[in-house]
Amino acid sequence: MSQVLKAAPIAFDMPVRVYYDDTDAGGVVYHANYLKFFERARTEWLRSLGFDQRTLASELDTLFIVRRADTHFKAPARLDDQLTIRSVLTHLGRASFECRQVCLNDDQALASASVQVGCLRASTFRPAAMPGKLQNALAGLVAPADAGSVHSQPC
C-alpha cells in the first residue's frame with residue numbers, strides 16, 4: 001500500500017455518469033443504484049488515501065461491511081446526467097466509521113445517505129479494530145459537526 005503523503009480534503013467528490021442500465025422503465029435512476037454510486041465513492045475515497053479493497057483484505061486481513069444506510073431521495077437523476085457523489089467522514093470509531101454521502105446534479109441534491117460501515121477480519125468475518133495505518137489516515141478527516149451546507153457536509 002502506498003503511503004499517504006498529503007492531507008486529503010474533508011469532502012471527497014467522485015463524478016458519475018448515468019448510463020442506460022442505471023435507469024428504470026421511467027428513464028430515471030433506479031433507487032437502488034444510488035447505493036451502488038455511494039459504495040463506489042467510498043471505495044474510491046479509500047483508494048485516494050492509499051487503501052484499496054483488495055490489499056486491505058489480503059495484506060491487512062480487513063473487510064468493510066455496510067451496517068446501516070439511511071437513505072433519502074429528493075429528486076430524480078436521468079439518463080446521461082453527469083453527477084457528483086460527495087462523501088464526508090462524520091464519525092470515526094475503533095472498528096467503524098460513518099459518512100454522509102450526497103448525489104448532486106450541479107448544486108441540486110438528488111439523494112443522500114448516512115452510512116455506517118463496520119470493520120471485519122477477512123479471515124474470520126468477525127468485528128475487529130481498523131488497522132492502525134488506516135485509522136491514522138482517517139483521523140484527520142472527520143468533518144466538524146458544524147461543517148454546514150451540502151457543499152461541505154452532505155445532508
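Using a 4.5 Å heavy-atom threshold, the side chains of M130 and L138 count as touching. Residues V115 and Q101 meet the side-chain proximity criterion, which asks for heavy atoms closer than 4.5 Å. You'll find the side chain of R68 reaches within 4.5 Å of the side chain of S114, heavy atoms only. In this structure the side chain of K74 reaches within 4.5 angstrom of the side chain of S112, judged on heavy atoms. Using a 4.5 Å heavy-atom threshold, the side chains of T84 and P15 count as separate. Counting heavy atoms from C-beta on, the side chains of L49 and F12 never come closer than 4.5 Å. Counting only heavy atoms from C-beta outward, the side chains of S87 and F38 never approach each other to under 4.5 Å. Counting heavy atoms from C-beta on, the side chains of P144 and I10 come closer than 4.5 Å.
Residues forming a side chain to side chain donor-acceptor pair (under 3.5 Å) with D22 (at least two apart in sequence, or on another chain): none. Residues forming a side-chain contact (heavy atoms from CB on, under 4.5 Å) with V142 (at least two apart in sequence, or on another chain): L89, L92. In this structure R17 satisfies the side chain to side chain donor-acceptor pair (under 3.5 Å) test together with Q82, sequence neighbours excluded. Scanning for ring pair (Phe, Tyr, Trp, His ring centres under 6.0 Å) contacts around F97 gives W45, F64, with sequence neighbours left out. Every ring pair (Phe, Tyr, Trp, His ring centres under 6.0 Å) that F73 has, sequence neighbours left out, goes to Y34. D13 is linked by a side chain to side chain donor-acceptor pair (under 3.5 Å) to R86, counting only residues two or more places apart in sequence or in another chain. Scanning for side-chain contact (heavy atoms from CB on, under 4.5 Å) contacts around R67 gives Q116, with sequence neighbours left out. Applying the side-chain contact (heavy atoms from CB on, under 4.5 Å) rule to A75 yields the partners Q108, L110; only residues at least two apart in sequence or on another chain are considered. Taking the side-chain contact (heavy atoms from CB on, under 4.5 Å) definition, one finds that H91 meets it with E98, sequence neighbours left out. In this structure D61 satisfies the side chain to side chain donor-acceptor pair (under 3.5 Å) test together with S123, sequence neighbours excluded.
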Salt bridge (Lys or Arg N to Asp or Glu O under 4.0 Å) between E39 and K36, intermediate numbers included: CA-CA 5 Å; E39 177 73 31; K36 290 165 71 172; over 6 Å; no
Can you check side-chain contact (heavy atoms from CB on, under 4.5 Å) on F37 and V29, steps first, answer last? CA-CA 11 Å; F37 297 160; V29 171; 4.0 Å; yes
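Partner Y30 forms a side-chain contact (heavy atoms from CB on, under 4.5 Å) with one of D21, D24, T23 and no other, that one being D24. Across D52, L134, V117, a single residue satisfies side-chain contact (heavy atoms from CB on, under 4.5 Å) together with L46, and that is L134.
The other residues sharing a hydrophobic cluster with L79 are Y20, where clustering joins ILVMFWY side chains under 4.5 Å apart. Connectivity analysis of hydrophobic side chains (ILVMFWY, heavy atoms under 4.5 Å, direct or indirect) links I65 to L63, L120, F125.
Taken to the nearest 0.5 Å, the NE2 atom of H72 stands 14.5 Å off from the SG atom of C103. One distance of note links CZ of R47 with CE of M14; it measures 10.5 Å at 0.5 Å rounding.
The main-chain N or O of A129 is found under 3.5 Å from a side-chain atom of R121 such that the two form a donor-acceptor pair.
When every heavy atom of C99 is checked against every heavy atom of R42, the shortest pair comes out as SG-CD, 3.6 Å.
Within 6.0 Å of the CZ atom in R94, the count of heavy atoms belonging to other residues, nucleotides or ligands does not exceed 12.
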